[in-house]
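Down below is the structure, laid out as structure tokens.
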Amino acid sequence: MDRFHELNAFVAVVEAGGFSAAARRLGDSQSAISKSVNALEKRLGVQLLQRSTRSVRLTEHGRQYYERTQPLLEEMAQADGEIMRTTLEISGPVRVAAATFGRLHVLPLLPALLARYPGVRLDLQLADGVNDLLAEGIDLAIRVSPERHPDAVVKRITSSPLVCAGSRHYFAQHGVPATPQALAHHNCLIYKDMREWHFTGPQGRFSVPVSGNLSSNTVETILSAVQAGLGIGMFNRASLVEPEQGRGRGTQQDSQIITVLDDFIDDTRDICLVWPRRRFIPARVRAVTEFFAEALAPRL
């Protein structure tokens, strides 16, 4: 029996959690998968899997063998993908999810992306929420400080500093806070549950409780309220489209928005590409991922 098929069947059983699931994953029969794993164990002279009517578990030998061989299959799949990428047209659907700052930074890049790969059909989802990539069929997510997950690959492309910002109209009415403690006298707009804002002073890091009459689960809502002169918000700079630094100087997006308390803020947020961990990445998905990795960093 072909050793590759034996190894492929074994890894599929481990990752799928059973013989029937592995058969569905590989498009083969359960008996063929079982036969391949049995042949592998016979050839090696050890038991790799403990089988019961309800579950399949790795033995210690099985665990060691899986840890050594799974990367080999991964590399073979990547090698196949790289060859296919050079010989097949990059076309087909790609589903991309982005935080709402994607409206400011992803949308302007789409003409160049689709001109480079006219065969790609892009489905862009804009939301601040964390996606279950596999469940929602997301090929690539562009996220701010995403949580690490064993089923996902996270690639940091750059970082974006935090800024505290408000409108000139708001500050003309309420004054400009000179210190973080002065925020107690201002209407601070809350993103999600961030009711403490973090700063750095001569004595080190400290937090200031903030409150206001508006909270939201989207950055765009808070930004729109700031633009309307409702209060002060805390953002990563990417949400403001390359704001100029320093008191009294506006952003490229809206010259009426200015940043304050710059000397007290040194926190940043990582901007990352996230995609499902899988053995084979289609050429179209890899091409779109590489495009955003290259094109986004200079904008942020």
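Predicted model, so just to flag it, every value in this text is computed and none were measured.
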**Prompt:** Do Val288 and Val285 have side-chain heavy atoms sitting under 4.5 Å apart?
**Reply:** no
**Working for side chain to side chain contact (heavy atoms under 4.5 Å, CB included), residues Leu58 and Leu49** = CA-CA 5 Å; Leu58 284 168; Leu49 299 172; 3.7 Å; yes
**Request:** Might you confirm whether atom CZ of Arg68 has over 12 heavy atoms from other residues, nucleotides or ligands at distances under 6.0 Å?
**Result:** no
**Asked** Between Arg116 and Glu290, does at least one N-O distance fall below 4.0 Å, as a salt bridge requires?
**Response** no
**Asked** Would you say Arg57 has more than 12 foreign heavy atoms packed within less than 6.0 Å of its CZ?
**Response** no
**Complete:** Across all chains, not counting sequence neighbours, the side chain to side chain contact (heavy atoms under 4.5 Å, CB included) partners of Ala112 are Phe291
**Message:** Tell me the closest heavy-atom pair linking Phe235 and Val226, and the distance in Å.
**Reply:** CZ-CG2, 3.8 Å
**Request:** For Arg269 and Leu162, indicate whether the former's side chain and the latter's backbone hold a donor-acceptor pair under 3.5 Å.
**Result:** no
**Message:** Between Thr69 and Tyr65 (side chain of the first, backbone of the second, donor and acceptor by atom type, cut-off under 3.5 Å), is there such a pair?
**Reply:** yes
**Request:** Mind listing the closest non-hydrogen atom pair of Leu133 and Ala141 along with its distance?
**Result:** CD2-CB, 3.9 Å
**Asked** Taking the inter-plane angle between the rings of Phe171 and His186 on a 0 to 90° scale, is it parallel (under 30°), tilted (30 to 60°) or perpendicular (over 60°)?
**Response** perpendicular
**Asked** Do the side chain of Ser207 and the main chain of Glu196 share a donor and acceptor less than 3.5 angstrom apart?
**Response** no
**Asked** Do you know which two heavy atoms are closest between Ala287 and Ile90, and how far apart they sit?
**Response** CB-CD1, 3.7 Å
**Asked** Which pair of heavy atoms, one from Ala9 and one from Ser36, lies closest together, and at what distance?
**Response** CB-CB, 3.6 Å
**Item:** Expected output: side-chain Asn236 to main-chain Ser239 donor-acceptor under 3.5 Å
**Value:** yes
**Fill in**
So CG of Leu72 and CZ of Phe4: to nearest 0.5 Å the spacing works out to 11.0 Å
**Asked** Around atom NE2 of His61, are there more than 12 heavy atoms of other residues, nucleotides or ligands at under 6.0 Å?
**Response** no
**Message:** Can you confirm whether Glu15 sits close enough to Arg25 that some side-chain heavy atom of one is under 4.5 Å from a side-chain heavy atom of the other?
**Reply:** yes
**Prompt:** Are Glu67 and Arg63 ion-paired here, with the side-chain N under 4.0 Å from a carboxylate O?
**Reply:** yes
**Request:** Could you give me the CA-CA distance, side-chain angles and deciding distance for Leu230 and Asn213, then say whether side chain to side chain contact (heavy atoms under 4.5 Å, CB included) is met?
**Result:** CA-CA 9 Å; Leu230 189 59; Asn213 59 8; 4.1 Å; yes
**Request:** Answer yes or no: is there a donor N or O on one side and an acceptor on the other, between the side chain of Tyr170 and the main chain of Asn187, under 3.5 Å?
**Result:** yes
**Fill in**
d(Ile142 CD1, Ile157 CD1) to nearest 0.5 Å is 7.0 Å
**Message:** What I'd like to find out is whether the side chain of Phe206 reaches to under 4.5 Å of the side chain of Val208, using heavy atoms alone.
**Reply:** yes
**Message:** Return the SG to CD1 distance between Cys164 and Ile258, rounded to the nearest 0.5 Å.
**Reply:** 10.5 Å
**Item:** Side chain proximity check, Arg195 to Cys188, heavy atoms < 4.5 angstrom
**Value:** no
**Message:** Rounded to the nearest 0.5 Å, what separates atom CZ in Phe292 from atom CG in Leu140?
**Reply:** 7.0 Å
**Message:** Quick check: do Phe10 and Glu41 have side-chain heavy atoms less than 4.5 Å from each other?
**Reply:** no
**Prompt:** Nearest heavy-atom pair of Asp139 and Trp275: which atoms, and what distance?
**Reply:** O-CB, 3.3 Å
**Item:** Non-hydrogen atoms of Ala182 and Pro177 that approach each other most closely
**Value:** CB-CB, 3.9 Å
**Asked** Given side chains that start at C-beta, do those of Leu261 and Leu183 come closer than 4.5 Å, heavy atoms only?
**Response** yes
**Message:** So, taking the atom named CD1 in Ile265 and the one named CZ in Arg237, what distance separates them when rounded to the nearest 0.5 Å?
**Reply:** 12.5 Å
**Request:** Quick one: do Gln64 and Val46 satisfy side chain to side chain contact (heavy atoms under 4.5 Å, CB included)? Show the steps, please.
**Result:** CA-CA 12 Å; Gln64 295 175 2; Val46 296; over 6 Å; no
**Nearest-0.5 Å distance that lies between atom CG in Leu109 and atom CG in Leu113** = 8.0 Å
**Asked** With distance as the sole test, does Arg284 use its side chain to make a donor-acceptor pair with the main-chain N or O of Tyr117 at under 3.5 Å?
**Response** no
**Message:** Could you tell me if the side chain of Arg143 sits less than 4.5 Å from the side chain of Val154, heavy atoms only?
**Reply:** no
